[in-house]
*Asks:* 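The structure's right below; bear with me while I get my questions together.
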Amino acid sequence: MLPLILATLLLSYTPPQDVRVAVWTTGTPDTESFESFAFWIKSDKRAYIRYEHGTSTDDIELSWRGPGTVSGRRGFWASFPSPDSRTVFITPANDSTLLIATHGHNKKYYWENENAHPESDCDICAANAAEATGWLRRYFWN
């Protein structure tokens with residue numbers, strides 16, 4: 001009987017998620033004005049920066065280029081893949097807003113609460129804007 005109970009417990013065990021994501025967006029979803037940056041953490045380390053634009057569900061992976069300071073603001077650099085090759089500087093304006101600068105032009109992106117709707121259940125998403133910004137500071141600013 002004990003082996004059966006142990007087998008059942010082992011089969012029903014699901015390890016805790018070792019993946020987290022924080023998302024900031026601007027524009028209206030499903031329109032050409034929409035943009036999204038998703039910052040992924042895996043195994044307690046910086047993993048990916050993903051960018052979506054417009055109505056496409058395809059995303060682009062940016063390369064993390066390192067921490068930096070621009071106009072007294074601390075943040076980090078990321079670059080788009082070739083042939084685009086744009087480099088952006090990402091810094092918080094506050095817990096719920098990121099400033100993303102490219103070629104001297106700043107654009108505001110707002111924290112996306114992935115659990116805002118009752119039918120949403122995103123256990124890997126940041127619970128609030130302060131937690132999301134904290135993850136950026138911990139995993140992407142260094």
Side-chain angles (χ1 to χ4, degrees), residues 2-103 105-142:
L2 185 58
L4 180 61
I5 292 171
L6 286 175
T8 303
L9 287 173
L10 286 173
L11 290 174
S12 65
Y13 174 74
T14 52
Q17 289 281 350
D18 198 15
V19 175
R20 291 175 271 176
V21 64
V23 179
W24 277 265
T25 63
T26 193
T28 305
D30 300 320
T31 68
E32 284 305 310
S33 70
F34 181 74
E35 292 180 73
S36 167
F37 281 90
F39 302 89
W40 290 84
I41 299 133
K42 287 186 178 182
S43 302
D44 213 26
K45 295 182 179 156
R46 175 183 59 249
Y48 312 111
I49 304 168
R50 309 293 270 178
Y51 172 78
E52 283 185 42
H53 179 264
T55 57
S56 172
T57 56
D58 293 337
D59 59 7
I60 298 167
E61 186 172 341
L62 278 68
S63 297
W64 183 81
R65 294 295 180 207
T69 303
V70 171
S71 301
R73 292 182 158 286
R74 190 160 180 254
F76 63 95
W77 295 95
S79 61
F80 284 78
S82 295
D84 187 334
S85 301
R86 271 185 299 161
T87 299
V88 294
F89 183 72
I90 301 168
T91 187
N94 55 49
D95 279 343
S96 62
T97 310
L98 288 183
L99 289 178
I100 299 183
T102 181
H103 304 297
H105 173 73
N106 289 337
K107 193 169 197 177
K108 290 182 179 179
Y109 291 78
Y110 302 94
W111 175 68
E112 184 74 26
N113 184 355
E114 300 290 338
N115 290 308
H117 303 290
E119 64 274 0
S120 296
D121 186 21
C122 183
D123 351 346
I124 66 170
C125 298
N128 54 56
E131 181 177 55
T133 303
W135 290 350
L136 286 186
R137 285 189 172 106
R138 180 173 179 190
Y139 298 103
F140 289 86
W141 269 235
N142 337 331

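These numbers were taken from a predicted model, which means no experiment stands behind them.
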*Asks:* Can you list everything that forms a ring-ring contact (aromatic ring centres under 6.0 Å, His included) with Tyr109? Sequence neighbours excluded, please.
*Replies:*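 With neighbours one apart ignored, the set is Phe37.
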*Asks:* Is there a side chain to side chain contact (heavy atoms under 4.5 Å, CB included) between Leu98 and Leu136 once you walk through the steps?
*Replies:* CA-CA 10 Å; Leu98 288 183; Leu136 286 186; 3.8 Å; yes
*Asks:* Which heavy-atom pair separates Pro92 from Trp141 by the least distance, and what is that distance?
*Replies:*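 Heavy atoms only, the tightest pair is CD-CZ2, 3.0 Å.
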*Asks:* Between the main-chain N or O of Lys45 and the side-chain N or O of Ser43, is there a donor-acceptor pair closer than 3.5 Å?
*Replies:*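 No; zero donor-acceptor contacts below 3.5 Å.
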*Asks:* Side chains of Arg46 and Ile41, heavy atoms from C-beta outward: is any pair under 4.5 Å?
*Replies:*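 Arg46 vs Ile41: side chains apart.
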*Asks:* List the residues meeting side-chain contact (heavy atoms from CB on, under 4.5 Å) with Tyr48, not counting sequence neighbours, and say none if there are none.
*Replies:*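 With neighbours one apart ignored, the set is Trp40, Lys42, Arg50, Glu61.
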*Asks:* Might you point out which heavy atoms bring Ala127 and Trp111 nearest each other, and give the distance in Å?
*Replies:*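 Distance-wise, the nearest heavy atoms are O-CH2, 3.8 Å.
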*Asks:* Grab the two heavy atoms, one from Asp44 and one from Asp18, that are nearest each other, plus how far apart they are.
*Replies:*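 Nearest heavy atoms, Asp44 then Asp18: N-OD1, 3.9 Å.
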*Asks:* How long is the span from the CD atom in Glu52 to the CD1 atom in Ile60, to the nearest 0.5 Å?
*Replies:*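 So the gap between those two atoms works out to 9.5 Å.
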*Asks:* Using the salt bridge (charged side-chain N to carboxylate O under 4.0 Å, His left out) criterion, which residues pair with Glu131? Sequence neighbours excluded.
*Replies:*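 For Glu131, no residue satisfies salt bridge (charged side-chain N to carboxylate O under 4.0 Å, His left out) once neighbours in sequence are set aside.
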*Asks:* Please find the pair of heavy atoms, one from Asn106 and one from Ala101, that lie closest to each other, and give the distance.
*Replies:*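 For Asn106 and Ala101, the tightest heavy-atom pair comes out as OD1-CB, 3.0 Å.
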*Asks:* With sequence neighbours left out, which residue pairs that include part of residues 107-142 fulfil the disulfide (SG to SG under 2.5 Å) condition?
*Replies:*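 As it turns out, the disulfide (SG to SG under 2.5 Å) pairs with a partner in residues 107-142, which skip direct neighbours, are Cys122-Cys125.
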*Asks:* I would like to know whether Arg20 and Asp123 meet salt bridge (Lys or Arg N to Asp or Glu O under 4.0 Å); could you show each step before the answer?
*Replies:* CA-CA 8 Å; Arg20 291 175 271 176; Asp123 351 346; over 6 Å; no
*Asks:* Say you draw a straight line from CD1 of Ile90 to CH2 of Trp24; how long is it, rounded to the nearest 0.5 Å?
*Replies:*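 Rounded to the nearest 0.5 Å, the CD1-CH2 separation comes out at 10.0 Å.
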*Asks:* Considering only heavy atoms from C-beta outward, does the side chain of Thr102 approach that of Phe80 to under 4.5 Å?
*Replies:*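 Answer no - side chains too far apart.
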*Asks:* What distance do Glu35 atom CD and Thr31 atom OG1 have between them, rounded to the nearest 0.5 Å?
*Replies:*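 Reported to 0.5 Å precision, the distance equals 10.0 Å.
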*Asks:* Using side-chain heavy atoms (C-beta onward) and a distance below 4.5 Å, is Phe34 in contact with His53?
*Replies:*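 No; the side chains remain at least 4.5 Å from each other.
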*Asks:* Donor-acceptor pair, distance only, cut-off 3.5 Å: does the side chain of Trp64 make one with the backbone of Phe140?
*Replies:*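 Yes.
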*Asks:* Is there side-chain contact between Leu99 and Lys107, with heavy atoms separated by less than 4.5 Å?
*Replies:*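 The answer is no, as the side chains (C-beta and beyond) never meet within the 4.5 Å cut-off.
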*Asks:* Have Thr55 and Asp30 got a donor and an acceptor in their side chains that come within less than 3.5 Å?
*Replies:*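 No pair is found: no donor N or O on one side chain lies under 3.5 Å from an acceptor on the other.
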*Asks:* What pairs of residues pass the side-chain hydrogen bond (donor to acceptor under 3.5 Å, both in side chains) test when at least one of them lies in residues 70-79, not counting sequence neighbours?
*Replies:*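 Listed once each, the pairs are Arg65-Ser79.
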*Asks:* From Thr25 OG1 over to Glu112 CD, what is the distance, rounded to the nearest 0.5 angstrom?
*Replies:*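 Thr25 atom OG1 to Glu112 atom CD measures 4.0 Å (nearest 0.5 Å).
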*Asks:* Please report the closest heavy-atom contact between Ile49 and Phe76, naming both atoms and the distance.
*Replies:*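 Of all heavy-atom pairs spanning Ile49 and Phe76, the closest is CD1-CE1, 3.9 Å.
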*Asks:* Between Lys108 and Tyr110, is any pair of side-chain heavy atoms under 4.5 Å apart?
*Replies:*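 Of all side-chain heavy-atom pairs linking Tyr110 with Lys108, at least one is under 4.5 Å.
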*Asks:* Taking side chain to side chain donor-acceptor pair (under 3.5 Å) as the test, write out the residues that go with Thr97, two or more places apart.
*Replies:*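 Scan of Thr97 (side chain to side chain donor-acceptor pair (under 3.5 Å), adjacent residues dropped) gives Asn94.
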*Asks:* Passes side chain to side chain contact (heavy atoms under 4.5 Å, CB included), Val23 versus Val21? Steps please.
*Replies:* CA-CA 7 Å; Val23 179; Val21 64; 4.0 Å; yes
*Asks:* Using 0.5 Å steps for rounding, measure from the CD1 atom of Ile100 to the OG1 atom of Thr91.
*Replies:*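 So the CD1 of Ile100 and the OG1 of Thr91 are separated by 10.0 Å.
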